[in-house]
**Q** 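Below you'll find the structure I mean.
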Amino acid sequence: MTYSRIMGTGSYLPKNIVTNKDLEKLMDTSDQWIQDRTGIKQRHWAADDETTVDMVEHAARRAVDSAGIEMSEIDMIILGTTTPNLIFPSSACLLQARLGLPGIAAFDLNAACTSFIYCLSVADQFIKSGMAKKILVCGVETLSRALDWEDRTTAVLFADGAGAVVLEASEEPGILSTHIHADGRYADLLGTDVGVSCGFENAPNGGLKILMNGREVFKMAVRTLGQIVDETLAANNMEKSDIDWLIPHQANLRIIMATAKKLNMPMERVIVTVDKHGNTSAASVALALDEGVRSGRVKRGDTILLEAFGGGFTWGSALIKY
Ligand code: ACO
């Protein structure tokens with residue numbers, strides 16, 4: 001049987017660090033409130049001239065280096081983002097040109113904060129079917145450009161960054177299973193009201209704003225992530241104690257703690273980056289995975305549960321033998 005294995009990881013964070021104290025100067029908020037409600041202490045924001053494709057190029061090159069392969073061996077790029085450079089060409093195509101890989105398939109995928117899990121799931125199917133051998137899977141966001149300064153509830157949460165992995169065909173597992181879901185009935189609870197075919201009247205200055213019903217999102221995220229833990233364990237005939245690491249989407253420390261509790265997992269076995277990175281949406285799981293690997297905590301052979309929840313609603317998980 002062919003599996004897909006993560007051969008290398010990489011990430012990138014913009015240089016500009018914005019602390020909660022910095023935000024106190026921009027809006028009516030406090031370091032105490034942000035830390036108590038979200039666990040966030042600081043986040044990174046892209047420089048004015050820094051784009052989604054700039055950031056993901058760094059992460060992609062680092063992932064390919066850590067996989068120990070030549071860039072020319074990559075035969076597909078799948079890029080998760082809600083903040084592409086342009087509507088089209090896709091950011092995956094712009095990245096493909098930068099990496100010097102003309103001709104290989106390259107496409108964007110948007111499942112909001114669950115994008116990276118969706119990308120992994122799609123890449124896994126291409127590898128299992130034999131259609132690709134080495135896929136560059138990326139998650140990246142420049143959400144600082146979509147913050148609404150009038151809405152302190154969302155403006156303190158979201159941030160910028162990029163993560164990437166190289167997935168390779170292997171006889172050894174590998175990705176054990178992926179589980180992806182969506183429920184568009186909840187579209188109004190988290191998203192934007194500016195688009196291409198509609199919504200321009202909401203952006204008189206061309207601005208994109210995130211709209212969120214935080215309380216409802218919080219409740220749904222905790223409930224849904226609990227369910228996907230059960231679904232993932234059952235599909236693999238595993239017990240909670242079989243999981244070595246939880247690498248969750250980094251939206252809110254309280255949501256992460258609720259999922260860890262569901263798994264009876266001590267917080268020492270959870271990779272937490274939300275305190276330093278804020279919510280980087282499509283990038284967050286890939287960034288946390290890279291941090292877990294590079295810090296030496298996540299080791300080859302460990303069983304890792306990746307999970308995420310986001311706008312749509314979308315949610316998903318990936319169980320991985322690293
Ligand atoms: N600073 C200070 N006070 C604030 C701030 C702020 N930044 N934001 C809101 N408040 C105030 C509110 O005005 C309100 O004041 P009031 O009681 O006088 O009316 C009070 O704090 C409580 O507001 P709530 O919105 O009820 O606060 P809550 O405890 O729900 O926390 C939060 C808000 C952090 C957004 C929480 O609901 C949450 O984390 N929800 C999930 C959001 C999330 O994770 N989104 C992303 C997940 S999916 C994805 O990643 C796309």
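Numbering of ligands and ligand atoms starts at 1, following listing order.
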**Q** Against heavy atoms of L190, which atoms of ligand 1 measure under 4.0 Å?
**A** 48 (S), 49 (C), 51 (C)

**Q** Quick check against the 3.5 Å criterion: does E307 have a side-chain atom that pairs as donor or acceptor with the backbone of I228?
**A** no

**Q** If you count the atoms of ligand 1 from 1 in the order shown, which ones are under 4.0 Å from a heavy atom of I255?
**A** 44 (O)

**Q** Please work out which of the three classes, parallel, tilted or perpendicular, describes the rings of H277 and H44, given edges at 30° and 60°.
**A** perpendicular

**Q** Return the closest protein heavy atom for atom 20 (C) of ligand 1 as residue, atom name and distance.
**A** W33 NE1, 4.2 Å

**Q** Without swapping roles, check the side chain of D244 against the backbone of I304 for a donor-acceptor pair under 3.5 Å.
**A** no

**Q** Show which atoms of ligand 1 fall inside a sub-4.0 Å distance from at least one heavy-atom site of G310.
**A** 48 (S)

**Q** Closer than 4.0 Å to some heavy atom of T153 - which atoms of ligand 1 meet that?
**A** 8 (N), 9 (C), 35 (C)

**Q** Considering the heavy atoms of F309, write down every atom of ligand 1 situated less than 4.0 Å from one of them.
**A** 48 (S), 49 (C)

**Q** What atoms in ligand 1 come closer than 4.0 Å to a heavy atom of V156?
**A** 7 (N)

**Q** Got the closest protein heavy atom to atom 12 (C) of ligand 1, with its distance?
**A** R152 NH2, 3.7 Å

**Q** Take L246 and R269, measure what side chain to side chain contact (heavy atoms under 4.5 Å, CB included) needs, and give me the verdict at the end.
**A** CA-CA 6 Å; L246 172 65; R269 307 300 292 174; over 6 Å; no

**Q** When you compare ligand 1 with R215, is there at least one nitrogen or oxygen pair between them that comes in under 3.5 angstrom?
**A** yes

**Q** Under 3.5 Å, is there a donor-acceptor pair between the side chain of R43 and the main chain of T280?
**A** no

**Q** For A92, is there any backbone N or O sitting under 3.5 Å from a side-chain donor or acceptor partner on D108?
**A** yes

**Q** What protein heavy atom is closest to atom 6 (C) of ligand 1, reported as residue, atom name and distance in Å?
**A** T29 OG1, 3.3 Å

**Q** Is there a heavy atom of H249 sitting under 4.0 angstrom from any atom of ligand 1?
**A** yes

**Q** Look at atom 45 (N) of ligand 1 and say which protein heavy atom is nearest, naming residue and atom and giving the distance to 0.1 Å.
**A** M212 SD, 3.2 Å

**Q** With H179, which residues qualify under ring-ring contact (aromatic ring centres under 6.0 Å, His included), at least two apart?
**A** none

**Q** Quiz question: by atom type and distance under 3.5 Å, do the side chains of E291 and T273 form a donor-acceptor pair?
**A** no

**Q** May I ask whether N279 places a heavy atom under 4.0 Å from ligand 1?
**A** yes

**Q** With a 4.0 Å cut-off on heavy atoms, is S281 in contact with ligand 1?
**A** no

**Q** Closest non-hydrogen protein atom to atom 41 (C) of ligand 1, residue and atom name please, with distance?
**A** G214 O, 3.5 Å

**Q** For residues T303 and D242, is any side-chain donor paired with an opposing acceptor at under 3.5 Å?
**A** no

**Q** Output yes when a protein non-hydrogen atom is found under 4.0 Å of atom 17 (O) of ligand 1, and no otherwise.
**A** no

**Q** Protein heavy atom under 4.0 angstrom of atom 49 (C) of ligand 1, is there one?
**A** yes

**Q** Return a yes/no value: protein heavy atom under 4.0 Å from atom 29 (O) of ligand 1?
**A** yes

**Q** Identify the protein heavy atom lying closest to atom 44 (O) of ligand 1, giving its residue, its atom name and the separation to 0.1 Å.
**A** A251 CB, 3.5 Å

**Q** Using modelled atom types and a 3.5 Å cut-off, is there a donor and acceptor pairing between side-chain atoms of Q96 and backbone atoms of I104?
**A** yes

**Q** H181: what forms a ring-ring contact (aromatic ring centres under 6.0 Å, His included) with it, not counting sequence neighbours?
**A** W315

**Q** If you have a sec, work out which protein heavy atom is nearest atom 51 (C) of ligand 1 and how many Å separate them, to one decimal?
**A** C113 SG, 2.4 Å

**Q** Strictly inside 4.0 angstrom of atom 39 (O) of ligand 1, do you find any protein heavy atom?
**A** yes

**Q** Counting heavy atoms only, name the option from K219, R37, E141 that's nearest to atom 23 (O) of ligand 1.
**A** R37

**Q** Quiz question: by atom type and distance under 3.5 Å, do the side chains of E50 and Y12 form a donor-acceptor pair?
**A** yes

**Q** With distance as the sole criterion, is a donor-acceptor pair present between the side chains of S4 and D124 under 3.5 Å?
**A** yes

**Q** Without hydrogens or angle criteria, can the side chains of T232 and S317 be said to hold a donor-acceptor pair below 3.5 Å?
**A** yes

**Q** Tell me the contacting part of T38 for ligand 1: side chain, backbone, both, or neither, using a 4.0 Å heavy-atom threshold, strictly below.
**A** side chain

